*Asks:* 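Input: one structure, supplied below.
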Amino acid sequence: MTITPGDLPASPPTALSTSLMTDMYELTMLQSALRAGTAERESVFELFGRKLPASRRFGVVAGTGRLLDAVESFAFTSEQIDFLHRAGVVDDATLDFLRDYRFRGTIRGYAEGECYVAGSPLLTVEGTFAEACIIETLALSIYNYDCAVASAASRMTIAAHGRPCADFGARRAHEEAAIAAARAAIVGGFTATSNLEAGMRYGIPTVGTSAHSFTLLHDSEEEAFAAQIASLGTGTTILVDTYDIAMGVERAVKAARAAGGELGAVRLDSGDLVAEAFKVRAQLDALGATTTRITVTNDLDEHAIAALGAAPVDSYGVGTKLVTGSGRPTAALVYKLVERRGADGEMAEVAKFSSGGKSTVGGRKWAGRVIDGAGTATEELLVSARTEAEGLAALAEAGARPLQVPLVVDGEIVEEHRGEGALAAAAERHQVSRAELPYEAWRLSDGDAAIPTRYLDLDGRTATRR
């Protein structure tokens, strides 16, 4: 099923305040900075991954629309202020600051659906330290989960070779995480979800018919199938492996024909799915049910889907492995200060020099993807420059496609990145971005990142240890 902008609703109603969806140290840092007189220093934070999670050759940006809704809702209610006071989290001066808090800075980022690699600045958050610091946890919470799910979904749809994949993971995740996963899966190429809240909130097509319990409810399989078809029509999908699969297929086809039509599809949820798919396809064809499709479920991941590539399967339903990132439940993203205005009034690069692979590269970066003459990406170029004009000029000289777009400008949400049409656009953008990557990036095996990351410092500013 193709999702078009008209299928998707406007942005969901503003949620309850998101301001306490944060770690305590965000507010204690704020208090200390307010006391030190540094809270209003102009600051630049970047959200990125130092490296890709193991077995991932690229990541997928997802969660952008959710983040924008969350930033809009990041305001402290009187009840929240009272809680912070009672709990002694911060002092009265900090509480006074939080009463009037709104994010009034600027956020640039990779557009939702873009692929990314190590170091890619998925978000660049500019503002005072006070306003940019305290949204760190929320941004990481959304992006680490949504990017992990979208990355897994992309690998699964690569393995599916154009066969539709649907999200069946609602019962395997926290109820709100399940909704987020359904949305992220669409970015990664899925076409539908079983989750009705996700369907209502984001306009995602919903699918689902019956479980084994429906068959077991009835005195016979024939009665169960007849009841389902009487309610949902002959085009429904019938689960045929409650008892004997071959007998279930025969009964399902017979029930549809008794109702005057051909059965839409059968679902297989157990056993050797490759072998059963071949047997069921042969049986359906022998019965003359050549238009009846086969969909499979049962703890699928990208590798199981790839193994089914030669089998006569028409679609897949994916649950546990999707909502847990197929073994990589977090995208391993971090949110770090890379530049700030010093006491001398000048902007200065800052960086972390910790050992053990936890160092960072200082300076605001302008990101682009270098594309060769054949239209294939060859590297991620990250340019450290004092101005946007200098950064974009360097990207253009290198033949790089700029990757960052404005998401929030001086506190105002750029609406095209959420609401009606945004999710469909993100899904389409991902297909284009993924198609740019070299062939090796599509492999499911462990390997190097799809493309290397190169840093270019235009003015030679260097971060110093402080």
Side-chain angles (χ1 to χ4, degrees), residues 11-34 39 43 45-49 61-90 94-95 97-105 107 109 112 122-125 127-150 170 173-184 195 197-198 201-202 323-325 329-337 407-408 411 413 417-419:
S11 182
T14 302
L16 297 175
S17 171
T18 56
S19 62
L20 292 189
M21 294 179 181
T22 191
D23 291 320
M24 179 172 167
Y25 82 167
E26 312 290 10
L27 300 191
T28 55
M29 280 195 292
L30 170 63
Q31 174 179 298
S32 299
L34 287 169
S43 300
F45 286 84
E46 288 179 347
L47 185 149
F48 61 96
V61 178
T64 308
R66 292 209 309 121
L67 175 68
L68 296 179
D69 290 335
V71 168
E72 184 177 64
S73 300
F74 200 98
F76 291 82
T77 66
S78 58
E79 292 81 8
Q80 291 171 328
I81 294 293
D82 289 345
F83 161 73
L84 294 173
H85 176 70
R86 291 195 312 272
V89 174
V90 290
T94 306
L95 294 178
F97 176 89
L98 294 177
R99 284 187 178 91
D100 298 323
Y101 177 86
R102 293 292 188 280
F103 181 79
R104 296 181 174 88
I107 301 177
E112 191 163 26
L122 307 190
L123 292 175
T124 302
V125 182
T128 66
F129 180 84
E131 62 189 354
C133 166
I134 63 175
I135 65 171
E136 171 188 4
T137 301
L138 185 63
L140 286 173
S141 176
I142 292 172
Y143 267 55
N144 266 318
Y145 184 68
D146 289 36
C147 292
V149 172
H174 181 279
E175 59 271 20
E176 284 295 328
I179 300 164
R183 184 186 182 284
N195 190 296
E197 178 63 28
R201 192 178 298 184
Y202 297 117
V323 299
T324 57
T330 175
L333 303 171
V334 296
Y335 185 96
K336 298 298 179 183
L337 183 67
L407 302 174
V408 181
I413 306 287
H417 299 294
R418 64 173 181 174

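Because the structure is a prediction, the values reported are computed rather than measured.
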*Asks:* Taking only residues two or more places apart in sequence or in another chain, which ones pass side-chain contact (heavy atoms from CB on, under 4.5 Å) with Ser32?
*Replies:*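 Per chain and number, Ser32 pairs via side-chain contact (heavy atoms from CB on, under 4.5 Å) with no residue.
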*Asks:* Residues two or more places apart in sequence or in another chain: which of them pass side-chain contact (heavy atoms from CB on, under 4.5 Å) with Ala198?
*Replies:*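 Applying side-chain contact (heavy atoms from CB on, under 4.5 Å) to Ala198 gives Ile179, Ala182, Thr193, Asn195, Ile204.
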*Asks:* Step by step, would you call Leu407 with Ile413 a side-chain contact (heavy atoms from CB on, under 4.5 Å)?
*Replies:* CA-CA 6 Å; Leu407 302 174; Ile413 306 287; over 6 Å; no
*Asks:* Checking Tyr101 now: which residues fulfil ring pair (Phe, Tyr, Trp, His ring centres under 6.0 Å) with it, not counting sequence neighbours?
*Replies:*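 With neighbours one apart ignored, the set is Phe74.
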*Asks:* By ring pair (Phe, Tyr, Trp, His ring centres under 6.0 Å), which residues pair with Phe97, not counting sequence neighbours?
*Replies:*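 Scan of Phe97 (ring pair (Phe, Tyr, Trp, His ring centres under 6.0 Å), adjacent residues dropped) gives none.
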*Asks:* Tell me, please, which residues at least two apart from Ala184 pass side-chain contact (heavy atoms from CB on, under 4.5 Å).
*Replies:*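 Counting only residues at least two positions away or on another chain, Ala184 forms a side-chain contact (heavy atoms from CB on, under 4.5 Å) with Ala62, Asp146, Val149, Ala150.
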*Asks:* Which is it for Phe48 and Val334 under the side-chain contact (heavy atoms from CB on, under 4.5 Å) test, yes or no, and what are the steps along the way?
*Replies:* CA-CA 6 Å; Phe48 61 96; Val334 296; 3.7 Å; yes
*Asks:* Mind checking what makes side chain to side chain donor-acceptor pair (under 3.5 Å) contact with Tyr143, not counting sequence neighbours?
*Replies:*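 Here the qualifying residues are Thr64.
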*Asks:* What distance do Arg66 atom CZ and Tyr202 atom OH have between them, rounded to the nearest 0.5 Å?
*Replies:*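 Those atoms lie 5.5 Å apart.
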*Asks:* Check the pair Arg99, Ile81 against side-chain contact (heavy atoms from CB on, under 4.5 Å), reporting the backbone distance first and the verdict last.
*Replies:* CA-CA 7 Å; Arg99 284 187 178 91; Ile81 294 293; 3.5 Å; yes
*Asks:* With a 4.5 Å cut-off on side-chain heavy atoms, are Leu30 and Leu98 touching?
*Replies:*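 The answer is yes; the side chains approach within 4.5 Å.
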*Asks:* Partners of Ser141 by side chain to side chain donor-acceptor pair (under 3.5 Å), sequence neighbours excluded?
*Replies:*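 In terms of side chain to side chain donor-acceptor pair (under 3.5 Å), with neighbours along the sequence ignored, Ser141 is linked to no residue.
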*Asks:* Might you point out which heavy atoms bring Gly105 and Val408 nearest each other, and give the distance in Å?
*Replies:*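 Reported closest heavy-atom pair: O-CG1, 3.7 Å.
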*Asks:* Show which side-chain atoms of residues 128-138 pair as donor or acceptor with protein atoms under 3.5 Å away, not counting sequence neighbours.
*Replies:*
residue: Thr128; atom: OG1; partner: Glu131; partner atom: N; Å: 3.2
residue: Glu131; atom: OE1; partner: Arg104; partner atom: N; Å: 3.2
residue: Glu131; atom: OE2; partner: Thr128; partner atom: N; Å: 3.0
residue: Thr137; atom: OG1; partner: Asp23; partner atom: N; Å: 3.3
residue: Thr137; atom: OG1; partner: Asp23; partner atom: OD2; Å: 3.2
residue: Thr137; atom: OG1; partner: Glu26; partner atom: OE2; Å: 2.7

*Asks:* Are any of the side-chain nitrogens in Glu72 or Arg418 under 4.0 Å away from the carboxylate oxygens of its partner?
*Replies:*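 Yes, Glu72 and Arg418 are salt-bridged.
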*Asks:* Once rounded to the nearest 0.5 Å, what's the spacing between atom SG of Cys147 and atom CD1 of Ile142?
*Replies:*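 Rounded to the nearest 0.5 Å, the SG-CD1 separation comes out at 10.5 Å.
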*Asks:* Is any side-chain heavy atom of Leu27 closer than 4.5 Å to one of Thr94?
*Replies:*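 No, too far: nothing below the 4.5 Å cut-off.
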*Asks:* Please determine whether side-chain contact (heavy atoms from CB on, under 4.5 Å) holds for the pair Thr18 and Asp69, giving the CA-CA distance in whole Å, both sets of side-chain angles, and the decisive distance to 0.1 Å.
*Replies:* CA-CA 9 Å; Thr18 56; Asp69 290 335; over 6 Å; no
*Asks:* Would you please name every residue forming a salt bridge (Lys or Arg N to Asp or Glu O under 4.0 Å) with Glu176, sequence neighbours left out?
*Replies:*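 By the salt bridge (Lys or Arg N to Asp or Glu O under 4.0 Å) rule, Glu176 matches Arg201.
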*Asks:* Mind checking the CD1-OG1 spacing from Ile107 to Thr124? Nearest 0.5 Å is all I need.
*Replies:*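 Those atoms lie 10.0 Å apart.
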*Asks:* side-chain contact (heavy atoms from CB on, under 4.5 Å) with Thr330: which residues, sequence neighbours excluded?
*Replies:*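 Expected list: Asn144.
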*Asks:* Just by modelled atom types, is the Ala75 backbone N or O under 3.5 Å from a matching donor or acceptor in the Ser17 side chain?
*Replies:*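 Between the backbone of Ala75 and the side chain of Ser17 there is a qualifying donor-acceptor contact (under 3.5 Å).
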*Asks:* Are Arg183 and Glu112 ion-paired here, with the side-chain N under 4.0 Å from a carboxylate O?
*Replies:*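 Salt bridge between Arg183 and Glu112, a charged N being under 4.0 Å from a carboxylate O: yes.
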*Asks:* How long is the straight-line distance from CG of Leu84 back to CG of Leu20, given to the nearest 0.5 Å?
*Replies:*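 One gets 5.5 Å once the value is rounded to the nearest 0.5 Å.
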*Asks:* Minimum heavy-atom separation for Ala139 and Leu123, please, with both atom names.
*Replies:*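 Answer, listing the atom of Ala139 first, then Leu123: CB-CD1, 4.4 Å.
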*Asks:* Would a 4.5 Å heavy-atom cut-off, applied to side chains only, mark Leu47 and Val125 as touching?
*Replies:*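 Contact flag for Leu47/Val125 side chains = no.
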